[in-house]
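Keep in mind that what you see is a predicted model, and the values were worked out from it rather than measured.
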Amino acid sequence: MSLISENIKYLRKKLGLTQEQFAERIDIKRSLVGAYEEGRADPRISNLIRMANIFGTSVDILINKDVSRLSEEELNVSKFKRGKEVLAITVDEHQRENIELVPQKAAAGYLNGYADPEYIQELPKFKLPILPTNATYRAFEISGDSMLPILPGTIIIGEYVDDVRDIKNGKTYILVTKSEGIVYKRVFNYINDNGKLFLVSDNRQYAPYQIGIEDVMEVWASKAYISVQFPDADDSKEVSTEQLASIVLDLQKEIIRLKENKK
C-alpha cells in the first residue's frame, strides 16, 4: 500500500466517515475510494484537492508525509500558507485545469465562495494556450483607475501563489482580502519584519497603504492581461520599481514616526 493510500484511509477513519460517506463528500463512487485506499488507483489532482479540503491539510502533506506520525499542528496548514488545500478549481473533460473568470459583478460573491467548488463551477471559464500548463490560473476583471495605464474593465490573469511569503517586492498581484475585497496592486513584502504587505498603486493619485497578513485569503501573481481598450500615449509613462520602493520606505518611516509620537 502506498503512502497516499494509507494517509487517505487513516484520515477518513479519523473523521469517522465510512467509505460511502467520504465518497459522497468528494462526489465520486465508493468503489473509487476503495481503490485509492488499497493502492489500486491514484487520485486525480481535482480529487486530491477535495480530499485535502475535507481533511483540513495540504495536498503536499497528503502525498509526501506519513500523517499518522504528525501532530495536529503539523497536519494543519500554516497560517501563512495558502496552498491548494483551500483552492477550488475546475477541469475540462481531459482533466486539464480551466481558467475561471471573476467578473466585477461577481467580486463580492467570490469573497464568500472562493473555496466552494460549487461556486467556482458556476464561474465563466476559458483557456489560454500561451500560458505554461504547470500552474493554476484565475482571471479577475478589475475596476477603478488606480493602476493606470491598466484601464478599468481589464481582465488580469493571475498565477496562484501557494505561500504569501513568496511575494516579490515591486511585482503586481491580485489579492483577495477580507477588508479590501479583490484588489490589483503593486506589492512590497514586509512579512518577516512586521507581518504586513504594502500595497502601491501605479496611479500616484492613490496613496499606498498596508494590510496585515491575516487579512489575505488568496494571492495571484499577474501573468497576462486582456483588454478591449488601448491606453492613451500619455498614460504609458511608468514609475520605476525604485521610485515605488522609495515611496513605501517613506510611508514606513511616517508610520514609525507616528508611533513614536504616541509614546
Side-chain angles (χ1 to χ4, degrees), residues 77-89 97 99-104 106-108 110-111 114-115 120 123 128 130-132 134-204 206-227 238-249 251-252:
V77 183
S78 163
K79 68 177 182 178
F80 290 114
K81 191 77 170 177
R82 297 292 187 265
K84 288 193 174 182
E85 66 284 346
V86 295
L87 180 63
I89 64 167
E97 291 188 24
I99 299 175
E100 298 85 13
L101 170 63
V102 183
Q104 289 181 20
Y110 186 81
L111 300 181
Y114 72 98
I120 299 301
L123 292 174
L128 199 59
I130 63 173
L131 294 173
N134 60 344
T136 295
Y137 303 96
R138 191 150 294 163
F140 298 84
E141 183 182 11
I142 64 170
S143 60
D145 62 352
S146 66
M147 291 299 284
L148 291 175
I150 302 295
L151 299 170
T154 297
I155 294 171
I156 304 295
I157 300 171
E159 177 183 333
Y160 191 67
V161 178
D162 286 336
D163 195 326
V164 185
R165 291 169 294 186
D166 291 335
I167 287 177
K168 295 179 173 55
N169 286 338
K171 300 297 183 181
T172 55
Y173 295 85
I174 291 283
L175 300 180
V176 181
T177 70
K178 299 174 185 175
S179 61
E180 299 290 328
I182 299 173
V183 295
Y184 173 56
K185 297 293 180 184
R186 203 169 293 277
V187 183
F188 291 81
N189 184 349
Y190 292 97
I191 292 174
N192 290 334
D193 297 331
N194 57 12
K196 304 288 186 182
L197 298 174
F198 278 78
L199 278 51
V200 181
S201 301
D202 285 352
N203 184 345
R204 299 275 64 78
Y206 292 83
Y209 61 96
Q210 63 178 344
I211 61 172
I213 190 62
E214 68 282 353
D215 196 21
V216 179
M217 297 186 292
E218 284 186 348
V219 179
W220 301 84
S222 56
K223 294 298 178 182
Y225 71 89
I226 302 171
S227 179
E238 296 184 356
V239 179
S240 70
T241 300
E242 288 75 15
Q243 290 174 299
L244 290 171
S246 177
I247 292 170
V248 172
L249 182 60
L251 180 61
Q252 282 190 301

(message) side chain to side chain contact (heavy atoms under 4.5 Å, CB included) for L199 and L197? Distances and angles first, verdict last.
(response) CA-CA 6 Å; L199 278 51; L197 298 174; 4.0 Å; yes

(request) Walk me through it: do Y209 and V183 pass the test side chain to side chain contact (heavy atoms under 4.5 Å, CB included)? (result) CA-CA 12 Å; Y209 61 96; V183 295; 4.0 Å; yes

(request) In sequence, state the C-alpha distance, the side-chain angles, and the governing distance for V187 and V200, and then conclude on side chain to side chain contact (heavy atoms under 4.5 Å, CB included). (result) CA-CA 6 Å; V187 183; V200 181; over 6 Å; no

(request) Assess whether side chain to side chain contact (heavy atoms under 4.5 Å, CB included) is satisfied between L123 and L101, documenting all intermediate values. (result) CA-CA 6 Å; L123 292 174; L101 170 63; over 6 Å; no

(message) Test ring-ring contact (aromatic ring centres under 6.0 Å, His included) on Y184 and Y173; report intermediate values, then the result.
(response) CA-CA 6 Å; Y184 173 56; Y173 295 85; 9.4 Å; no

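How far CD of E97 is from OG1 of T136: 3.5 Å, rounded to the nearest 0.5 Å. A distance of 4.0 Å separates CD of E141 from CD of Q104, quoted to the nearest 0.5 Å. In this structure, CG in N134 is found 7.0 Å from CD in E159, a value given to the nearest 0.5 Å. Rounding to the nearest 0.5 angstrom, the gap separating the CZ atom in F198 from the NZ atom in K196 is 8.5 Å.
Within the 4.5 Å cutoff, side-chain heavy atoms of L175 are placed close to those of I211. By the 4.5 Å heavy-atom criterion applied to side chains, I99 and L128 are counted as neighbours. Side-chain contact check for M217 versus L111: some heavy-atom pair is nearer than 4.5 Å. With contacts defined as side-chain heavy-atom distances shorter than 4.5 Å, the pair I120/I89 does not qualify. Considering only heavy atoms from C-beta on, V216 comes within 4.5 Å of V219 through its side chain.
Judged purely by atom type and a 3.5 angstrom limit, N189 has no side-chain atom pairing as donor or acceptor with the backbone of N169. R186 places no side-chain N or O within donor-acceptor distance of the main-chain N or O of T172, the cut-off being under 3.5 Å.
Between R204 and D202, the shortest heavy-atom distance links the atoms NH1-O, 3.1 Å. Closest heavy-atom contact between S222 and I156: CB-CG2, 3.8 Å.
Two rings, from Y160 and Y137, have their centers 6.0 Å or more apart.
Every residue two or more places apart in sequence or in another chain was checked for a salt bridge (Lys or Arg N to Asp or Glu O under 4.0 Å) with K168, and none qualifies.
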Can I get a per-line list of side-chain donor-acceptor pairs under 3.5 Å for residues 142-151, giving both atom names and the distance, sequence neighbours left out?
unit_1, atom_1, unit_2, atom_2, d
D145, OD1, Y206, OH, 2.4
S146, OG, K185, NZ, 3.1

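Judged by distance alone, the side chains of Y110 and R138 do bring a donor and an acceptor atom under 3.5 Å apart.
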